[in-house]
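For reference, the structure is listed below as structure tokens.
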Amino acid sequence: MRIGVIGLGVIAPYFLRAIEQDEELKLTAVCDLDRGKLDAVPGEVARFTDHRELLASGLVDGVVVTLPNHLHAPVVTEALTAGVHVCCEKPLTVAGADARELAAVSQRTGSTLFTAFHRRYNSHVQALAAELPDRAEIVRVVARYHERIEEHTGDDHWYLDRDRCGGGCVIDNGPNALDAVRQVVGELTLTDATIGDVRGGVEFYAELALRTADGIPVEVQLDWALPTGETKDITVHLRDGGTLHADMLAGYEGFKSSLDHEYLGIMADFRTAVAAGAGRTDDGPVVVDLVEEAYRIARSKERRLRMSAKDPVEASLVKLLFHWQTDRGMALSPWDTRCVRAGDVHELVTTTDRPQAEGDRVDAVGFLGFAEFHGATVLGKGDQLWLGERLVGVVAGFDECHAPNHYNVLIHTDRLLTAEDLDLRAGDRIVFKEHA
């Protein structure tokens with residue numbers, strides 16, 4: 001089969017080597033806007049700066065598309081419509097609707113659509129899938145895909161451009177991690193997603209929660225900010241306390257050396273898919289939908305992991321209180337947060353109760369005193385109260401029985417504490433910090 005490669009970025013060399021080593025494939029054309037990259041490809045191949053000219057040349061039966069993510073949908077559409085089979089680097093598209101449209105175009109034209117998920121061909125992932133016990137013995141699955149992104153992108157700066165990449169680690173590492181887990185335990189449904197360490201609109205960290213069709217919980221951790229090196233593995237936790245493990249990098253000592261056997265697998269599977277003809281269903285749209293749903297959930301959340309949304313704020317104790325009660329009858333406010341102005345004075349109350357819903361009674365309380373805030377802030381559930389190096393407790397909510405004069409800031413503690421228990425003195429400084 002005659003193959004063209006559209007896009008000669010950082011991942012293209014792995015495809016080029018795989019094509020060269022496959023006796024049933026022949027590289028006949030390459031395309032890139034950069035003439036220097038075109039000239040660097042060895043051998044007798046046609047060189048194009050316009051993918052449309054390549055597709056119209058009659059020189060290729062199939063193409064590998066390794067362009068920035070936002071270009072996948074239009075370029076793959078043109079290739080399929082031209083009757084050319086397509087192997088597209090993951091993710092197939094940025095948007096789920098575009099991925100499903102490509103699948104429809106493939107069905108109409110009879111041209112093969114194939115998404116390249118290289119980790120499904122990893123020798124250790126395949127071995128793990130082959131050795132799984134009865135599914136009733138599996139408690140949970142954890143996949144980690146951690147790296148320092150700058151070590152992997154070279155001159156391809158589009159990875160850090162949300163408009164061109166579609167996001168960060170979720171859309172870049174996410175498809176490979178999700179697909180690898182799918183090869184081990186089957187189809188997945190996303191249940192939760194949280195992103196963080198956002199830089200220039202691009203997330204460098206994410207945690208995805210999923211479930212298999214038979215209810216096995218799956219956690220996928222994605223990290224672009226590892227200080228050095230990389231960690232890429234899947235761990236299956238078993239009911240008897242044991243684990244099964246696939247370290248995708250084990251035995252592949254050189255940087256990215258594991259990729260060579262994986263891309264050989266991609267091109268061999270692409271040949272098989274083309275030979276199979278109509279009726280094959282590509283997995284690309286399924287994973288695009290998972291990624292899109294992860295962003296829908298995560299970007300709607302107020303919280304961002306590994307990021308502080310506010311500065312710590314100091315307050316000084318202006319009046320100490322030393323008593324406690326077990327039948328105080330405070331009521332949890334409906335509000336999870338309260339604005340505080342610089343100079344405001346509010347009462348600090350510890351409690352061993354665990355109020356959850358609006359109106360829940362708070363009876364077991366210890367009184368620390370009244371504190372004047374040095375700066376404006378927003379106090380919220382989960383904020384931590386510190387006295388020097390000591391963590392006193394965590395904000396559980398508010399009681400407004402004395403409003404508008406002041407709030408009772410409810411601090412959850414393991415035991416009731418008063419000013420006496422903490423050896424407080426008037427003028428002592430305390431700090432409220434956002435929980436990381």
Side-chain angles (χ1 to χ4, degrees), residues 4-15 30-34 37-38 48-55 63-82 84-106 111 113-118 145 147 149-150 152-179 193 195 198-204 206 222 224 266 282-299:
V5 175
I6 301 175
L8 297 176
V10 69
I11 208 66
Y14 300 96
F15 280 109
V30 290
C31 178
D32 200 277
L33 295 176
D34 187 333
K37 292 180 179 178
L38 291 173
F48 298 89
T49 56
D50 188 328
H51 70 277
R52 297 177 185 86
E53 293 180 5
L54 183 153
L55 295 173
V63 292
V64 171
V65 175
T66 68
L67 296 168
N69 297 344
H70 74 299
L71 296 175
H72 288 185
V75 173
V76 172
T77 297
E78 292 177 32
L80 294 173
T81 303
V84 175
H85 306 297
V86 177
C87 171
C88 182
E89 174 69 3
K90 59 76 191 166
L92 179 58
T93 59
V94 173
D98 289 338
R100 290 186 290 276
E101 177 58 24
L102 290 183
V105 173
S106 174
S111 303
L113 176 66
F114 182 92
T115 303
F117 298 107
H118 65 89
Y145 216 93
E147 65 188 20
I149 186 59
E150 295 86 353
H152 293 257
T153 56
D155 294 330
D156 286 357
H157 303 299
W158 61 266
Y159 282 95
L160 301 179
D161 182 342
R162 177 168 165 174
D163 290 337
R164 302 176 74 194
C165 188
C169 62
V170 172
I171 199 169
D172 179 52
N173 293 154
N176 267 330
L178 291 166
D179 182 71
I195 59 175
V198 180
R199 312 177 192 182
V202 171
E203 78 284 352
F204 276 59
L222 307 169
W224 266 6
I266 288 173
D282 183 61
D283 287 340
V286 174
V287 176
V288 171
D289 283 343
L290 287 173
V291 169
E292 189 171 53
E293 177 69 0
Y295 280 129
R296 185 192 69 78
I297 294 172
R299 287 173 176 164

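Worth knowing before you read on, the calculation uses all heavy atoms, side chains too, and leaves out hydrogens, waters and symmetry mates.
Put simply, the side chain of D32 never gets that close to the backbone of K37: no donor and acceptor are under 3.5 Å apart. Checking side-chain atoms of T77 against main-chain N and O of A73 turns up a donor-acceptor pair under 3.5 Å. In terms of modelled atom types and a separation under 3.5 Å, the side chain of S106 and the main chain of S111 share a donor-acceptor contact.
Here the straight-line distance linking atom CZ of F117 with atom CG of D283 works out to 6.5 Å at 0.5 Å rounding. To the nearest 0.5 Å, atoms CD (E147) and CG (L222) are separated by 9.5 Å.
For the pair W158 and T153, the minimum side-chain heavy-atom distance is 4.5 Å or more. Side-chain contact between F48 and I6 is absent, with no heavy-atom pair separated by less than 4.5 Å. In this structure the side chain of L8 never reaches within 4.5 angstrom of the side chain of D34, judged on heavy atoms. Counting only heavy atoms from C-beta outward, the side chains of V10 and D155 never approach each other to under 4.5 Å. At a threshold of 4.5 Å between non-hydrogen side-chain atoms, the residues C87 and I266 count as touching. E89 is not listed as a side-chain neighbour of V64, based on a closest heavy-atom distance of 4.5 Å or more.
Applying the ring-ring contact (aromatic ring centres under 6.0 Å, His included) rule to F204 yields the partners W224; only residues at least two apart in sequence or on another chain are considered. With sequence neighbours excluded, the residues forming a side-chain contact (heavy atoms from CB on, under 4.5 Å) with R52 are D50, E78, listed by chain and number. Among residues two or more places apart in sequence or in another chain, the salt bridge (charged side-chain N to carboxylate O under 4.0 Å, His left out) test is passed with E101 by R108. R199 is linked by a salt bridge (charged side-chain N to carboxylate O under 4.0 Å, His left out) to D197, counting only residues two or more places apart in sequence or in another chain. Considering only residues two or more places apart in sequence or on other chains, H152 meets the ring-ring contact (aromatic ring centres under 6.0 Å, His included) condition with F255. For the side-chain hydrogen bond (donor to acceptor under 3.5 Å, both in side chains) test, residues two or more places apart in sequence or in another chain that qualify with R100 are D289. A search for side-chain hydrogen bond (donor to acceptor under 3.5 Å, both in side chains) contacts involving T115 returns D282, not counting sequence neighbours. With sequence neighbours excluded, the residues satisfying side-chain contact (heavy atoms from CB on, under 4.5 Å) with V288 are L92, T93, A99. Every side-chain hydrogen bond (donor to acceptor under 3.5 Å, both in side chains) that Y295 has, sequence neighbours left out, goes to E203. Take E293 and apply the side-chain hydrogen bond (donor to acceptor under 3.5 Å, both in side chains) test, not counting sequence neighbours, and it matches R296. Legend: residues meeting ring-ring contact (aromatic ring centres under 6.0 Å, His included) with Y14, ordered by chain and number and at least two apart, are Y263.
Minimum interatomic distance between A79 and V86 (heavy atoms only, all atoms of both residues): CB-CG2, 3.5 Å. When every heavy atom of L67 is checked against every heavy atom of H72, the shortest pair comes out as O-NE2, 2.8 Å.
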Exercise answer: donor-acceptor pairs, residues 163-172 side-chain atoms, under 3.5 Å, sequence neighbours excluded:
from : atom 1 : to  : atom 2 : distance (Å)
D172 : OD1    : K90 : NZ     : 3.2

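The side-chain contact (heavy atoms from CB on, under 4.5 Å) test with V84 is passed by exactly one of L55, L54, V76: L55.
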